[in-house]
Number of protein chains: 2
Amino acid sequence: MNVRRATIKDVAEAAGVGVATVSRVLSGGSASPETRERVLTVAAQLDYRPSALGRNLRQRRSGGIGLLVPDITDSFYGRLVDGVLACARSAGEPVVLGTTGDDAEREAEQIGMLLEQGVERVVAVPAGNGEIWEPTLRSGITTVFAHRPVGGRDDVPAVLADDRAGVRTAVDYLTGLGHRRIAYLGGPGQGQRVTAFRQSLGALLDEELIVSARGSRDSAYAAAAGLFQHRPDLTAVLAGGNLLGEAAVLAARELDLRVPRDLSLVMFDDVPWAELCAPPLTVIAQPAQDIGYRAAELVLRAGGRRPRGVLLPTELIVRGSCGPRRTS
Amino acid sequence: MNVRRATIKDVAEAAGVGVATVSRVLSGGSASPETRERVLTVAAQLDYRPSALGRNLRQRRSGGIGLLVPDITDSFYGRLVDGVLACARSAGEPVVLGTTGDDAEREAEQIGMLLEQGVERVVAVPAGNGEIWEPTLRSGITTVFAHRPVGGRDDVPAVLADDRAGVRTAVDYLTGLGHRRIAYLGGPGQGQRVTAFRQSLGALLDEELIVSARGSRDSAYAAAAGLFQHRPDLTAVLAGGNLLGEAAVLAARELDLRVPRDLSLVMFDDVPWAELCAPPLTVIAQPAQDIGYRAAELVLRAGGRRPRGVLLPTELIVRGSCGPRRTS
DNA sequence: CACGTTCATGGAAACGATTCCATCATGATT
DNA sequence: AATCATGATGGAATCGTTTCCATGAACGTG
């Protein structure tokens with residue numbers, strides 16, 4: 001029933017060579033043409049596949065790449081993960097996935113597990129701050145941040161969407177429609193966006209219109225409903241993610257705010273259902289999959305050299321959730 | 001910069017005992033109380049964490065669990081993966097994720113990689129058929145199928161939603177509304193559902209109204225649009241997944257079919273946006289996360305014993321996408 | 001012809017854990 | 001008092017690979 005896999009020793013014996021030679025042939029070292037051919041033939045016959053276990057132990061690292069995202073249920077992270085998987089697959093590397101729930105403690109726990117596994121390359125959407133990442137980074141793990149930077153760690157490469165430009169575009173679009181009271185409905189780790197929001201609004205800024213939810217759907221809904229009830233004078237909302245956007249639509253509907261007549265809505269992240277929504281949602285599209293792919297690329301190609309980060313463009317896609325300010 | 005982690009040998013020396021004792025203490029073997037305490041103290045001081053690399057090699061297996069899904073971008077699989085991760089986390093096991101794109105060849109490739117990694121436990125949403133899984137299963141890998149069974153492999157436990165009941169409920173609901181020409185818009189690997197669909201419809205069955213798409217969005221849209229154009233006489237559709245449902249809504253909209261006036265729509269899988277859609281979609285909810293969690297549980301608790309599969313209930317959630325048959 | 005260089009090759013030592021087995025002390029039983 | 005069972009303990013083997021190093025052959029050059 002349980003057949004033992006062939007080991008390098010089996011191949012060596014069958015080919016009449018030493019194990020060292022087999023290893024060299026298989027990893028592209030020098031060997032005479034005839035030896036090489038014989039080894040390859042035998043290896044194919046025995047259906048030999050080198051065990052990652054032995055290799056990993058010897059080189060004290062597991063080839064795989066670790067991937068940490070807040071919530072795999074969120075479509076954005078789903079696409080990001082997909083990008084990482086695509087790149088890893090083309091490199092033949094396994095991916096170990098963990099979720100952090102945007103919780104620093106849980107993140108640390110996951111990192112601990114990855115370390116235990118000997119994972120030396122990590123792509124992460126960071127939840128914790130610079131101090132929390134400090135020990136990880138100095139433990140020799142090659143890290144690339146995706147989607148968010150970690151404050152104060154400019155030495156770690158990050159693959160980001162151009163949030164600043166995205167926010168500015170959205171805000172300009174809304175102000176262009178005549179809106180003056182514009183709210184930002186944010187999630188965890190969106191410091192960049194909030195800053196950009198403040199700058200873009202300039203004199204129109206109203207700190208009370210900047211609210212922040214935790215990662216969950218419930219929290220997002222509570223934040224949106226609270227905002228709308230507390231400040232019925234606002235006429236436009238920028239939702240910082242598809243969960244927040246979903247919550248905004250739901251809360252608006254619940255409070256009988258019609259979109260876009262009573263409330264204009266722009267959502268960060270283009271998701272398939274944005275088009276199905278009534279009305280279809282105007283969004284700032286982010287290349288989630290690319291972010292993942294590029295991050296994986298960076299973490300794999302990092303040959304000692306410290307690569308610079310990457311900034312990917314966003315795009316405002318106008319659909320039907322924004323209208324001119326109601327002048328009633 | 002790059003600090004070497006403490007090994008079991010370091011702990012042994014620092015505690016003045018042999019490595020065997022350290023290993024025993026840490027894995028719950030017998031040891032005298034004072035020795036135990038000393039070892040634990042020293043281990044804590046050195047921040048020792050056993051390397052999974054060494055352990056894996058010794059026991060010729062990597063503890064982790066392999067997870068194979070068709071498409072991590074699909075919300076259903078996202079939730080399923082989340083369930084597996086939740087269970088794995090509580091067991092302290094890492095999860096290696098791979099996507100198959102519902103392609104048997106790619107699935108085989110991924111399995112090969114898992115095998116190479118020494119993964120001995122796999123949760124999979126299978127793409128290939130019984131023959132393809134044959135070598136994997138006999139190679140000693142503990143496998144649990146999720147979401148779909150593999151035809152002819154009743155010996156492998158599977159965690160499934162009760163598709164049969166779900167289909168029957170939906171069909172009964174639609175026929176109860178007066179519909180007679182009901183189509184099934186299916187995806188890959190939905191043999192069970194199609195069979196149930198045929199049985200539930202009985203005399204109303206029209207084979208031409210059963211169409212099948214491949215996994216992609218494009219393919220789903222093409223199938224839906226083709227179906228609606230080819231058979232304008234149909235009055236209701238059962239979409240076998242959220243991608244298919246999305247495609248059906250889009251295609252209906254494109255062809256100016258109003259839901260539910262011209263076309264009633266029931267979708268498999270309850271997704272957050274089903275409520276946001278216009279009209280809100282009537283769905284058959286599946287416990288995606290539970291499926292993942294239970295599957296992971298089975299694959300972890302499988303102590304030689306071959307556990308039976310699990311069938312989880314579905315639920316028809318009536319929203320606004322179904323109406324009485326138009327009698328114009 | 002002697003010598004040095006280059007190359008293919010195999011033996012053996014890691015890597016870090018688990019686990020078999022032998023050893024030794026202790027206490028109980030005859 | 002002699003023997004035996006029990007339990008704690010450490011040495012050493014083992015897992016499968018990579019890689020260092022020594023060996024020996026082949027070859028070109030002085």
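On a predicted model such as this, the values are computed, not experimentally measured, just so you know. Just so we're on the same page: letters track the sequence lines, and every chain starts at 1.
dG16(C) atom P lies 10 Å from atom OH of Y48(B), rounded to whole Å. Computed from coordinates, the L53(A) CG to dT17(D) C1' distance equals 10 Å when rounded to whole Å. dG16(C) atom C1' lies 11 Å from atom CZ of R5(B), rounded to whole Å. What separates CD of Q117(A) from C1' of dC15(C) is a distance of 16 Å, to the nearest Å. Atom CZ in R61(B) sits about 16 Å away from atom C1' in dT14(D), given to the nearest Å. Distance N56(B) CG to dG16(D) P: 13 Å, rounded to the nearest Å. Straight-line distance from the NZ atom of K9(A) to the P atom of dC15(D): 7 Å, rounded to whole Å. Summarising the geometry, the separation between CZ on R58(B) and P on dA17(C) is reported as 13 Å, rounded to the nearest angstrom.
Here R38(B) does not pair with E34(B) in a salt bridge; the nearest charged N to carboxylate O distance is not below 4.0 Å. Taking a cutoff of 4.0 Å between a charged side-chain nitrogen and a carboxylate oxygen, D74(A) and R79(A) do not qualify as a salt bridge.
In terms of phosphate contacts, T21(B) brings no side-chain nitrogen or oxygen within less than 4.0 Å of OP1 or OP2 of dT9(D). Distances shorter than 4.0 Å separate none of the side-chain N or O atoms of R55(A) from OP1 or OP2 on dG16(D). A close approach under 4.0 Å does occur between a side-chain nitrogen or oxygen of T35(A) and OP1 or OP2 of dT9(C). For dT19(C), one of the phosphate oxygens OP1 or OP2 lies less than 4.0 angstrom from a side-chain nitrogen or oxygen of Q59(B). Phosphate contact (OP1/OP2 of dC7(C), side-chain N/O of S32(A), threshold under 4.0 Å): absent.
For L57(B), whose side chain is taken as the heavy atoms from C-beta onward, the closest listed nucleotide among dC15(D), dT19(D), dA17(C) is dC15(D).
Note on ring orientation: taking the six-membered ring where Trp is involved, the planes of H147(A) and F76(A) are tilted (angle from 30° to 60°).
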Practice item. Would you sort out whether I111(A) and V122(A) count as a side chain to side chain contact (heavy atoms under 4.5 Å, CB included), showing the intermediate values? Key: CA-CA 9 Å; I111(A) 291 174; V122(A) 169; 6.0 Å; no
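Within the nucleic acid shown, S23(A) comes within 4.0 Å of at least one base atom, counting heavy atoms only. Using a 4.0 Å heavy-atom distance criterion, I8(A) is classed as a base contact. Heavy atoms of G118(B) sit nowhere under 4.0 angstrom from any nucleic acid atom. If you check every strand for non-hydrogen atoms under 4.0 Å, G18(A) touches sugar and phosphate atoms only.
Minimum interatomic distance between P126(B) and W133(B) (heavy atoms only, all atoms of both residues): CB-NE1, 3.6 Å. In plain terms, the two heavy atoms of A161(A) and L311(A) that are nearest each other are O-CD1, 3.9 Å.
Toward the 5' end of DNA chain D, the nearer of the two residues S30(B) and R24(A), judged by each one's closest nucleotide, is S30(B). Take the nearest nucleotide of DNA chain C for R38(A) and for A20(B): the residue whose nucleotide is more 5' is R38(A).
With no hydrogens or angles considered, no side-chain donor-acceptor pair links S139(A) and T136(A) at under 3.5 Å.
Each of Q110(B), R106(B), E107(B) was evaluated against T99(B); a single residue qualifies, R106(B), per the side chain to side chain donor-acceptor pair (under 3.5 Å) test.
Rotation axes derived from the C1' atoms of the five outermost pairs at either end of the helix from dC1(C)-dG30(D) to dT30(C)-dA1(D) lie 60° apart, to the nearest 10°.
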